[in-house]
A.B. asks: 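Below is one structure. I have some questions about it.
Computed from heavy atoms alone, side chains included, the values below leave out hydrogens, waters and symmetry copies.
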Amino acid sequence: MDILPRFYVYVLCRPNGSPFYVGKGQGDRIDHHEAAARNGHKAHRYSIIRKIWREGSEVFKQKVFRTDDQDEAYAMEQALIAAIGRKYLANENDGGNGNRGF
């Protein structure tokens with residue numbers, strides 16, 4: 001039985017496939033954004049999620065990188081944010097400095 005690496009980098013996308021958020025996580029972190037949006041949190045990414053829902057669509061979530069090295073995951077998160085461009089994302093920073101442990 002294969003065991004997946006502990007950490008991952010993920011992308012949240014609009015229904016048309018355009019990314020609006022890049023993050024690093026472990027476990028079910030990728031699903032926390034929709035829970036926060038449901039609970040009325042105010043960050044821009046949650047507003048985007050609620051707009052997608054109002055339009056009758058779903059957020060597309062994809063894990064794009066996996067590793068057991070947390071620093072490597074943060075580096076990939078930063079690289080992906082830079083490659084896409086912060087002006088196209090709801091990320092509040094350049095990545096690599098999120099909550100350790102998520």
A.B. asks: Output the distance between atom CE (Met76) and atom NZ (Lys24), rounded to the nearest 0.5 Å.
C.D. replies: 14.0 Å
A.B. asks: Does Tyr10 have Lys63 sitting over its ring (NZ/CZ under 6.0 Å from centre, angle to axis within 45°)?
C.D. replies: no
A.B. asks: Say whether, by atom type as modelled, one donor and one acceptor occur between the side chain of Arg50 and the main chain of Ala37 under 3.5 angstrom.
C.D. replies: yes
A.B. asks: Does any part of the side chain of Ile52, heavy atoms only, come nearer than 4.5 Å to the side chain of Pro15, both counted from C-beta?
C.D. replies: yes
A.B. asks: Considering non-hydrogen atoms only, spot the tightest contact between Val11 and Cys13 and give its length.
C.D. replies: CG1-SG, 3.5 Å
A.B. asks: At their closest point, which heavy atom of Ile81 faces which heavy atom of Asn91, and how far apart are they?
C.D. replies: CD1-ND2, 3.4 Å
A.B. asks: When hydrophobic residues are tied together by side-chain contacts of less than 4.5 Å, even through go-betweens, does Val64 share a cluster with Phe20?
C.D. replies: no
A.B. asks: Report yes or no: do Phe60 and Tyr88 belong to one cluster of Ile/Leu/Val/Met/Phe/Trp/Tyr joined by side chain heavy-atom distances under 4.5 Å?
C.D. replies: no
A.B. asks: Show the nearest heavy-atom pair for residues Asp68 and Pro5, with the distance to one decimal.
C.D. replies: OD1-CA, 3.2 Å
A.B. asks: Are any of the side-chain heavy atoms of Tyr21 and Ile49 separated by less than 4.5 Å?
C.D. replies: no
A.B. asks: Rounded to the nearest 0.5 Å, what separation is found between the OG atom of Ser18 and the CG atom of Leu12?
C.D. replies: 11.5 Å
A.B. asks: Do you know the tightest heavy-atom contact between Arg66 and Leu4?
C.D. replies: NH1-CD1, 3.5 Å
A.B. asks: Trp53 and Glu34: which non-hydrogen atoms are nearest, and at how many Å?
C.D. replies: CH2-O, 3.3 Å
A.B. asks: Linking I/L/V/M/F/W/Y whenever any side-chain heavy atoms sit under 4.5 Å apart, do Phe65 and Ile30 land together?
C.D. replies: no
A.B. asks: I'd like to know if the side chain of Tyr8 reaches the main chain of Gln62, judged simply by a donor and an acceptor atom lying under 3.5 Å from each other, with no hydrogens or angles considered.
C.D. replies: no
A.B. asks: Applying side-chain hydrogen bond (donor to acceptor under 3.5 Å, both in side chains) to Thr67 and Asp69, what does each step give before you reach the verdict?
C.D. replies: CA-CA 5 Å; Thr67 182; Asp69 184 324; 5.6 Å; no
A.B. asks: For residues 39-48, run the donor-acceptor check on the side chains, cut-off 3.5 Å, and write out each pair with its distance to 0.1 Å, sequence neighbours left out.
C.D. replies:
unit_1, atom_1, unit_2, atom_2, d
Asn39, ND2, Ala35, O, 3.1
Arg45, NE, His33, ND1, 3.2

A.B. asks: Is a side-chain N or O of Glu77 found less than 3.5 angstrom from the main chain of Gly95, in a donor-acceptor match?
C.D. replies: no
A.B. asks: Decide yes or no on side chain to side chain contact (heavy atoms under 4.5 Å, CB included) for Arg14 and Lys51, but give the supporting numbers first.
C.D. replies: CA-CA 10 Å; Arg14 293 172 177 85; Lys51 182 176 188 272; over 6 Å; no
A.B. asks: To the nearest 0.5 Å, tell me how far Asp31 CG sits from Arg29 CZ.
C.D. replies: 10.0 Å
